[in-house]
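Okay, so here's the structure we're looking at.
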Amino acid sequence: MTGSPVTSIDHIPVPAAGVEMEVVDGEVLLYHPQQTRAVYLNPTAAVVWGLCDGSRSIGEIIRVLGESYPDADSLTDDVLATLNQLQGNGVLVVG
Amino acid sequence: MFLSSVEMRQKSVCLGSSRVAVTYPAALDLWFDGLVEPADESIAPRKWVRLSAQNPLGRFEVRTSLDPPATGLDLGDALATFWERVSFLLVGDLRDAIALHAAALCQGDRFVLLPGLTGSGKTRLSLWYRTQGFDLGTDEVMTVSPGTDETGDIVLSSVLTRPVILKALGDVNTLLRPGETPAVQQNSSCGLLLRIEGVTPWTRRTVDRAIIVFPRFTPGGQFNVTALTPGEACLCLIESCLNARNLPRGGLSLASLLACRASAITLEYGETCQLDGTLDVLTRQVLATPTAREDLAALCEAFTARVAMRNAVVAASSASAQTSVDTPKRAIPAPTEKRFPRRLTVGMATYDDYDGAYFTIQSIRLNNPELEGALEFVVIDNNPGGPCSAALSDLGKWIEGYRYVPSGEWNGTAVRNMVFEESSSPFVLCIDSHVLIVPGSLSKLISYFESDPESRDLVQGPLIYDDLRTKSTHMEPQWRAGMYGTWANDPRGEDPAASGFDIAMQGLGLFACRRAAWPGFNPKFRGFGGEEGYIHEKIRQRGGRTLCLPFLRWMHRFGRPLGAPYVNRWEHRMRNYVIGFTELGLDTAEMEAHFAELLGAETSARIFTEIKLELGIR
């Protein structure tokens, strides 16, 4: 695992340095060159990843997703869990 | 002092742009068959591996350009260590291809790739695929590289001519082709090393179709196949990549290309017998025709369910055997002695398909009440003593004119001869045990035959598909996907009231003939396939016509979500074609060319040679 668990929604998540993205027939894979390790993103995680471009805080990401998916239950928990997993896999830095 | 001189060989092993010089005692030539001569002996190799004998005799050492020497090894461990270090050096700086920890097999330009970690069951699975007619290139390392132009082609190479290493021991002979023995074998602490004749690496083959199977072998475990999406397959490929560190983006782009080009599944298995009738059928289906992802997922579910059902039946049988040791083997019902000479016999052969036979017969009775007393039903049980036998026999208590005939002596295509032998009526309609016939058709068929009581014709009708609109009136005599005959529709079949017309051939889910004029399938036929076209030509050679009667419309249940309980083998089909064509004096060249294209020239030539030797055909 890399980094502490995400707790503050004011933090801004950004892709870790050098992480490569490959879109395979609509599915998203990330490759971490230092760890020589690939990570497969399910559709939900892929949407969250797409918003982690360094321009939004976690709170803003949750708000954007809330507007797009107004019926989603436990959106905040899901986003935080996804960000924690991405950070744990070393492909995302939250600071 | 005792001096001895040992002759040594110097060869090279290449993987893409990577090359390792190897040296070994000439006395071990059998273990190193297929290595290439060094490109230039005057240049000192940068990477090398040397296997040599030590004193005391029977001990060996392995030295390399990189690692500390491994000494005091017995032969098996020395060979395993040698190849492990060669692989490591080859892959270490390979930059122009993905090196996958994978076995690879091919049939012509169609490939089976088996990526997986050590102990995942790659070798066992690759040997099983060999017994299915695939040629093994490697059981350990293969490369994937882009084609030379911009076409997006993918090129595969299986380059290591190392022995295969079976980690979990068992009866090796069950994993080899019939009559085959290893050229040489040796135990080691890694498993059993085998050198098998005909395991030939290939280089730079462009992929046409491929299936990627990610195996996980657990002795005694359950069979399970699951379809993967391209993204999931790409992830698994990267996990099997040995040189991701050397490649741009970890080889992700090339792995992605391969994942999108091939169908991919995961396979869990516990014994190779679980793969018969499941993975072989699935593989051939995927390699023969493009398979949509949804279809692949459905096939995987069906085959997994099929093995689960097979296991449940076996478990139930053994449980019942344990609770009552005196219980005899399931009894074979007696054949119905009484015969029912009627205007028409409707006959079918069935193998554990009670539901199909039940609905086929009862739909005929429900839809044609005017024929009460005019029909005889003959059911040939091709698995007497099987789970459906008693129920099939008991139908005779409810259906007037019903005959049950158990017959395990013949199976496959030729069993339908028995329908004619057991029928008591002058005319016989032979159908699959899962066919529905349009109401009113049988009355017309009887009238048709009775107006031509000396008929020598084979009559059939349009096959209606499940949408109730699409039809196939006949088959065109063409080869496709290992079958002679491609479905086709003639507009003359649109009007049910139209006259019959000549056809070259048609699927044999439904056909009718005067009993005395039935020419019979060749009794040497085995298994399934080869009958369409053959029986039509045989009828014509005897002066009959092969006709489509537009009124004789029928539906056929093609779907078998739980799988067919019998094995459909290429070898049987090819054998039947050879027998049929030879019997009728037809040229087999086009057929042999078709199978060479489908299965690969070497494989098909081997199968045809074995068939012709067995049949005494030159």
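Just so we're on the same page: letters track the sequence lines, and every chain starts at 1.
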Separation of I62(A) CD1 from R56(A) CZ (nearest 0.5 Å) |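 The CD1 atom of I62(A) is 13.0 Å from CZ of R56(A), to the nearest 0.5 Å.
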Rounded distance (nearest 0.5 Å) linking atom SG of C300(B) with atom CG of L228(B) =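 Reported value, rounded in 0.5 Å steps: 8.5 Å.
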Check each atom of [X] against the heavy atoms of chain A and say whether the ones under 4.5 Å are side chain, backbone, both or neither.
| X | answer |
| --- | --- |
| E239(B) | neither |
| C234(B) | both |
| I238(B) | side chain |

Identify which one of V47(A), N42(A), L41(A) satisfies the side chain to side chain contact (heavy atoms under 4.5 Å, CB included) criterion when paired with T44(A).
->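 Output: one option passes, namely N42(A).
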Would a distance-only check, ignoring hydrogens and angles, find a side-chain to backbone donor-acceptor pair under 3.5 Å from S74(A) to D77(A)?
->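 Judged by distance alone, no pair lies under 3.5 Å.
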Relative to chain A, which of A233(B), A255(B), S253(B) shows the most heavy atom pairs under 4.5 Å?
->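 When all of A233(B), A255(B), S253(B) are compared, S253(B) has the most.
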Residue part contacting chain B, namely of V39(A), when any heavy atom lies under 4.5 Å |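 The answer is the backbone of V39(A).
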Sub-6.0 Å ring centroid separation between Y269(B) and F217(B) |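 Yes: the rings meet the under 6.0 Å criterion.
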